[in-house]
Amino acid sequence: MSFELIIQLTDSTIRLTTPLLLACLAGMYSERSGVFDIGLEGKMLAGAFGAAAVAAVTGSAWIGLMAGMGVSVFFAIIHGFAAITLRANQIISGVAVNVLAAGMSAFIGQNWFKMGGQTPQLSGSGRFNEISLPLAETLSGVPVLGAIYSDLISGHNILTYAAFVAVPLSAWVLFKTRYGLRLRAVGENPGAVDTAGISVERQRFSAVLICGVLCGMAGAYLSLGTSAAGFVRDMTAGKGYIALAALIFAKWTPKGALLACMLFGFLEAIGNKYQSITIFDLFVVPVQFMQALPYILTVVILAGFVGKAVPPKSGGVPYIKER
Amino acid sequence: MEAESEKAWHHDAEPALKLKGISKSFGPVKANVDIDLSVAKGAIHGIVGENGAGKSTLMSILYGFYKADKGEIFIDGKQIEIPDSNTAIAAGIGMVFQHFKLVENFTVLENIILGVESGGLLAPSLDQARKTLAELADEYELQVDPEAKIEDLSVGAQQRLEILKALYRKANILILDEPTGVLTPTEADHLFRILRNLKEQGKSIILITHKLREIMDATDTVSVMRRGEMTDTVATKDTSPEGLAELMVGRKVLLKVDKAPANPGKNILSVRNLNVTDGQGVARLKGIDLDIRAGEILGIAGVADNGQSELLQVLGGMRTAEGTIALNGKEIDLSLGDQGRSRRQIGISHVPEDRHRMGMIMSFSAWENSVFGYHNEPEYSRPLGLANQIAIQNTSRNEFERYDIRPRNIDLTATFFSGGNQQKVVIAREVERNPDLLLIGQPTRGVDIGAIEFIHKQIVKLRDQGKAILLVSVELEEILSLSDRVAVMFEGTISGERVTSETDVNDLGLLMAGMGEATT
């Protein structure tokens, strides 16, 4: 494998990891607080649509991003209201978000833009363009390190950098701050939080809102930061579920989320790069199999083949005061 | 010292806590009616009452979980409102719940600071807690390793941590709800030493318990609650367990079980070298040997979770095991699971420990619950696999009558009945099928005193009919008053066996802690 190929694959991995990572961290906040969120997919999709639609109308990617996050947060509030306030079944509420987002994004998209559910092609300031870090041009001549700097580290859009910065930031929030302590506590034993005089509902709601913001960013990345340059029906294509699988694989830690999402991103990159592989001139691995790799890994992880993952103890259980 | 505490509960100083006319209703249910209570500074005040008497509601009002409909609360003579737990904590009220409110995968320090962090970042709070904890530990004999994870702590240590949590929040009034239910006698003694220590430092302690002996040993004053009302408050030295029981129930209660000496017959059950390993590969039962003869009650004592549950589950056919079990000399195949029905067919009845999860189906009617496990018997069946509802209902009605189950309505769902009446439904079902061996786990858990008396009588009556009974209970007093022989379980083994008349609480307590037998 040549050096260039490695750079190329890694670069592709980073791009494909970005939305997964944002969604995975989103899920981490929610689930660490004890609210299971199968609706990452729907929030991402709604966020992607909101971002693309508003960016198409205003011509500003930043306003688009705000709109994407806003739409995603709106769906997060629906989930939070059902799951926390009304103590509904969290899986069902999450599924409802997914179905609602899939239907509404296509329906409203068709109604507004009459393009079969798509939004108009974005260009220029309507997209998040690649950022060239300082000296990237100059250093590209330097062997190895120069290529790594100018091709790998430089040349991504702002959301990719945000996603990777969010990992250490989340680790710090989770394990070094008061907010993180309470967040972890409320997912493990909400009774302990309640008797300590902290509102379980408020604590959980805050986590669900953070989840909404991050899902919105993930969605905006898909429609404003990739070559799609606009919203396409069902463009999340199961990424929300993959992020959920990655979250389990990551054992609900930020560092784990980074590694797990990069693994999925890498598999996807491989699938995109090699349309088919011939083994010993005998057997051809079809393109469909290569592209199915991330989904196959998802099934394997969810079936529990990859070690034992202990979820937050009170995850999925609405909190009811004992007396 | 004596004179001081004497003075403390006379009302010459402002009481630490005073309640006036507290009332609280839930719909038509009056949980608290016009409650008055006064707890002096530096006193231990006991509150006794049956399940549903309103103790928990009263404490929840004090801790800001509920708002009282009516009434006033005074702390150190000053009237306050307690709308939420924060206010309660700020007012100096600390609560040690029956089920600990600890985050299991946190360290001791993290649990201590939860909710009272000094700022947005954890490090300064943790440092401060570490220092304060060391001081508190010295002052009150409350040693807990600050860096230990909760899941690695013993139950006693977890409870000490709950007390430390309250003290860290500067509690002056400490409320403990059924604190000794999960402790060995030694740990309970340690707890009461701590409480006396706290009392000498001027803290006020409210002790909620159903164990009358603890009330007699530890408290200065005691209040009795019945049906939401505070029926009486007396100085502990002026009362007796019998007197308190009478106040609780409203009639004379027999605390001691009245039974003749056992007259054991032939061997009914023999267990040899029984081993159970759970899904995680942990040995739960290690080489258990037991014998029970006809007309004999064998009590299994021990702190919860030392293998008693697994023993019951194996004998009841709900779990596979290695080793041999023979009933009336006939060996039982232990390699099969889900044998609850076939066990019942060969004469083993089972009153499970966990009534709500295994003894009944809570959302089903009482008459359906009256035959579960026996519903396939010919007398309850009709052709084509249909149930003979008439026969089932007749059986149920009959049992309701003879076991005095109230309300006398077999159509109500199981949830509607009190703990004692639910338990009577289960016990009637299992006892009335005339088993050779009755397995009975925690027969009086969550059951009121009046029903306890009745249930104990039934168990003794069954013994006198020549049946073998295996009684598992974490209540040492229950074991001592019912059993003819006692086996103590510790970490999956039988740590010792005693004839009941030749043992006492201290002796059994040592066995429960895994000590005693090793030295002899």
Side-chain angles (χ1 to χ4, degrees), chain A residues 28 31-35 87 168-204 206-207 210 248 250-254 256 304 307-315 317 319-323, chain B residues 24 26 31 54-61 63-66 82-91 93-107 109-126 150-151 161-162 165-166 168-169 175 177 279-280:
Chain A
M28 188 191 74
E31 302 210 344
R32 277 275 185 171
S33 83
V35 181
R87 304 191 188 107
L169 188 67
S170 296
W172 181 76
V173 167
L174 212 50
F175 298 109
K176 299 285 179 204
T177 69
R178 171 173 63 192
Y179 179 80
L181 183 80
R182 293 179 175 188
L183 183 79
R184 286 181 288 137
V186 82
E188 287 290 329
N189 185 354
V193 172
D194 191 19
T195 51
I198 308 164
S199 161
V200 172
E201 292 196 4
R202 214 174 302 158
Q203 196 68 35
R204 287 189 164 173
S206 72
I210 293 176
I248 295 170
K251 300 195 161 68
W252 292 269
T253 62
K308 196 170 160 350
V310 184
K313 203 173 276 161
S314 299
V317 189
Y319 179 63
I320 299 165
K321 273 185 200 270
E322 231 171 275
R323 358 163 141 231
Chain B
K24 174 78 188 169
F26 298 98
K55 298 171 299 196
S56 297
T57 306
L58 187 63
M59 293 311 128
S60 297
I61 289 171
Y63 203 63
F65 276 9
Y66 295 144
I82 307 180
D84 54 39
S85 301
N86 257 338
T87 319
I89 294 167
I93 297 174
M95 187 97 154
V96 176
F97 291 88
Q98 189 176 4
H99 304 286
F100 304 145
K101 304 294 181 186
L102 298 171
V103 182
E104 293 238 315
N105 60 359
F106 277 20
T107 64
L109 282 182
E110 287 175 319
N111 270 291
I112 291 270
I113 62 168
L114 183 66
V116 286
E117 307 88 344
S118 56
L121 293 180
L122 290 184
S125 309
L126 290 171
I150 304 308
E151 50 207 8
L161 172 55
E162 285 284 20
K165 256 170 74 181
Y168 189 75
R169 287 155 177 73
I175 305 171
D177 190 6
Q280 265 91 50

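None of these values were measured; they are calculated from a predicted model. Chain A is the first sequence line, chain B the second, and so forth, proteins listed ahead of strands; every chain is numbered from 1.
Annotation: side chain of B:I112 is in contact with side chain of B:L161 (closest heavy-atom distance under 4.5 Å). A:V186 is listed as a side-chain neighbour of A:S33, based on a closest heavy-atom distance under 4.5 Å. A 4.5 Å side-chain heavy-atom check between A:L183 and A:V173 finds every atom pair outside the cut-off. Residues A:P311 and A:E31 are not in side-chain contact: their nearest non-hydrogen atoms beyond the backbone lie 4.5 Å or more apart.
Residues of residues 196-204 of chain A that come within less than 4.5 angstrom of chain B, heavy atom to heavy atom, are A:A196, A:G197, A:I198 in numerical order.
Distance alone, capped at 3.5 Å, places no donor-acceptor pair between the A:T177 side chain and the B:L121 backbone.
Interface remark: of the candidates B:S118, B:G64, B:G115, B:G115 forms the most heavy-atom pairs closer than 4.5 Å to chain A. Per-residue heavy-atom pair counts under 4.5 Å with chain A were compared for B:I89, B:N105, B:L126, B:V116, and the maximum is reached by B:N105. Counting heavy-atom pairs under 4.5 Å between each of B:A123, B:S125, B:S85, B:A90 and chain A puts B:S85 at the top.
Qualifying side-chain hydrogen bond (donor to acceptor under 3.5 Å, both in side chains) partners for A:T253, counting only residues two or more places apart in sequence or in other chains: none. When the side chain to side chain contact (heavy atoms under 4.5 Å, CB included) test is applied to A:L181, the partners found at least two apart in sequence or on another chain are A:R184, B:F106, B:E110, B:I113, B:L114, B:E117, B:L122. Every residue meeting the side-chain hydrogen bond (donor to acceptor under 3.5 Å, both in side chains) condition with A:S170, not counting sequence neighbours, appears here in chain and number order: A:Y29.
With a 4.5 angstrom heavy-atom cutoff, B:F100 touches chain A only via backbone atoms.
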